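Model, not experiment: these values are computed from the prediction.
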Amino acid sequence: MRIAVAYDNGEIFQHFGRTEQFKVYDIEDGKVTSSKIVGTNGQGHGALAGVLGELGADVLICGGIGAGAQNAVSMAGVKLYGGVTGSADEAVSAYLSGSLDFNPNVMCDHHYHDEGHSCGSHGCGEHTCGSHGCGH
């Protein structure tokens with residue numbers, strides 16, 4: 001099994017669509033056998049699901065993730081555990097022990113009117129983004 005974690009400086013990165021690195025853990029017999037940090041080469045949002053596919057990830061642990069990216073991850077056959085905060089290594093240990101605290105209904109929560117960022121079509125639905133899934 002291979003677990004990918006949206007990663008930044010030891011912590012779970014909280015904006016999946018802007019993830020610059022994944023920490024990838026190889027698991028055998030319920031234990032981490034190796035891990036490495038892999039760059040995303042500037043890919044964003046839905047394209048990151050392709051990166052996960054190329055990495056052979058079975059599981060994604062991340063912070064906030066919009067509906068469009070959730071759909072792309074699901075279509076790539078990767079099991080999503082979103083809404084997770086804290087240490088990447090500790091989250092993987094918690095996952096392996098069956099005690100990972102995650103939010104099965106995680107949605108993006110990073111869009112604010114003063115951010116100067118357009119949601120495009122990746123799934124928010126707050127302010128004037130449209131009605132494509134965040135449920136704010």
Side-chain angles (χ1 to χ4, degrees):
M1 169 194 293
R2 183 168 269 184
I3 300 171
V5 179
Y7 185 80
D8 183 42
N9 198 29
E11 299 290 309
I12 298 167
F13 190 63
Q14 293 301 302
H15 183 159
F16 176 77
R18 294 185 182 165
T19 299
E20 293 183 11
Q21 296 178 321
F22 289 111
K23 188 165 183 181
V24 180
Y25 301 79
D26 289 315
I27 311 298
E28 289 182 26
D29 299 322
K31 294 185 171 76
V32 176
T33 58
S34 66
S35 65
K36 62 183 175 182
I37 297 171
V38 178
T40 63
N41 297 320
Q43 300 293 320
H45 294 104
L48 287 170
V51 172
L52 292 170
E54 290 170 13
L55 291 171
D58 301 296
V59 170
L60 168 65
I61 298 174
C62 66
I65 180 170
Q70 288 181 43
N71 290 338
V73 167
S74 176
M75 294 296 287
V78 178
K79 178 88 171 137
L80 172 65
Y81 293 85
V84 182
T85 61
S87 162
D89 292 347
E90 289 174 15
V92 169
S93 293
Y95 171 82
L96 293 174
S97 71
S99 63
L100 181 63
D101 183 20
F102 70 100
N103 179 355
N105 299 310
V106 68
M107 293 291 175
C108 57
D109 62 359
H110 56 273
H111 298 285
Y112 299 99
H113 293 283
D114 61 353
E115 188 176 19
H117 167 93
S118 171
C119 291
S121 60
H122 68 267
C124 186
E126 183 177 317
H127 50 270
T128 59
C129 295
S131 58
H132 44 262
C134 210
H136 287 283

Participant: Return the minimal non-hydrogen interatomic distance between Thr19 and Thr40, and the atom names on each side.
Facilitator: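 Scanning both residues completely, I find the closest heavy atoms to be O-OG1, 3.0 Å.
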Participant: Cluster question for you: counting only ILVMFWY and a side-chain heavy-atom cut-off of under 4.5 Å, with indirect links fine, are Val24 and Val59 together?
Facilitator: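 Result: no, two separate clusters.
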Participant: Got Val32 and Leu96 here, is their nearest side-chain heavy-atom distance under 4.5 Å?
Facilitator: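 Sidechains of Leu96 and Val32: in contact.
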Participant: Only counting residues at least two apart or in another chain, list the ones meeting side-chain contact (heavy atoms from CB on, under 4.5 Å) with Ala91.
Facilitator: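 Listed in chain order: Ile12, Ile61, Val84, Leu100.
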Participant: Does any pair with a residue in residues 21-34 pass salt bridge (charged side-chain N to carboxylate O under 4.0 Å, His left out), and if so which ones, sequence neighbours excluded?
Facilitator: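 Only Arg2-Asp26, Lys23-Asp89 qualify under salt bridge (charged side-chain N to carboxylate O under 4.0 Å, His left out).
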Participant: Quick one: which residue pairs count as a side-chain hydrogen bond (donor to acceptor under 3.5 Å, both in side chains) with a foot in residues 75-87, not counting sequence neighbours?
Facilitator: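 Residue pairs passing side-chain hydrogen bond (donor to acceptor under 3.5 Å, both in side chains), neighbours aside: none found.
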Participant: Kindly compute the distance separating CD1 (Ile65) from CD (Gln14), expressed to the nearest 0.5 Å.
Facilitator: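 One finds 11.5 Å between CD1 of Ile65 and CD of Gln14.
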Participant: Which residues pass the side-chain hydrogen bond (donor to acceptor under 3.5 Å, both in side chains) test with Thr33, not counting sequence neighbours?
Facilitator: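 With neighbours one apart ignored, the set is empty.
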Participant: So which atom in Val5 and which in Ala88 form the shortest heavy-atom distance, rounded to 0.1 Å?
Facilitator: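 Reported closest heavy-atom pair: CG1-CB, 3.8 Å.
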Participant: Is it possible for you to say whether Ile27 and Leu60 belong to one hydrophobic cluster, with membership spreading through side-chain heavy-atom contacts below 4.5 Å?
Facilitator: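 Looking at the clustering, Leu60 is in a separate group from Ile27.
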Participant: Checking side chain to side chain contact (heavy atoms under 4.5 Å, CB included) for the pair Cys62/Leu80: CA distance, chi angles, key distance, verdict?
Facilitator: CA-CA 8 Å; Cys62 66; Leu80 172 65; 3.6 Å; yes
Participant: To the nearest 0.5 Å, tell me how far Phe16 CZ sits from Leu52 CG.
Facilitator: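 Spacing of CZ (Phe16) from CG (Leu52) equals 5.0 Å.
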Participant: Atom CZ of Arg18 and atom CG of Leu48: how far apart are they, to the nearest 0.5 Å?
Facilitator: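 One gets 12.0 Å once the value is rounded to the nearest 0.5 Å.
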Participant: I need the Phe13 CZ to Glu20 CD distance, nearest 0.5 Å.
Facilitator: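 If I round to the nearest 0.5 Å, the distance is 6.5 Å.
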Participant: Measure across Ala4 and Phe22 and return the closest heavy-atom pair with its distance rounded to 0.1 Å.
Facilitator: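 So the minimum-distance heavy-atom pair works out to CB-CD2, 4.3 Å.
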Participant: With sequence neighbours excluded, tell me which residues meet side-chain hydrogen bond (donor to acceptor under 3.5 Å, both in side chains) with Asp58.
Facilitator: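 Testing Asp58 for side-chain hydrogen bond (donor to acceptor under 3.5 Å, both in side chains), a comparison that skips the adjacent residues, returns none.
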Participant: In chain order, what residues pass the side-chain hydrogen bond (donor to acceptor under 3.5 Å, both in side chains) check against Asp101, with sequence neighbours excluded?
Facilitator: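 Counting only residues at least two positions away or on another chain, Asp101 forms no side-chain hydrogen bond (donor to acceptor under 3.5 Å, both in side chains).
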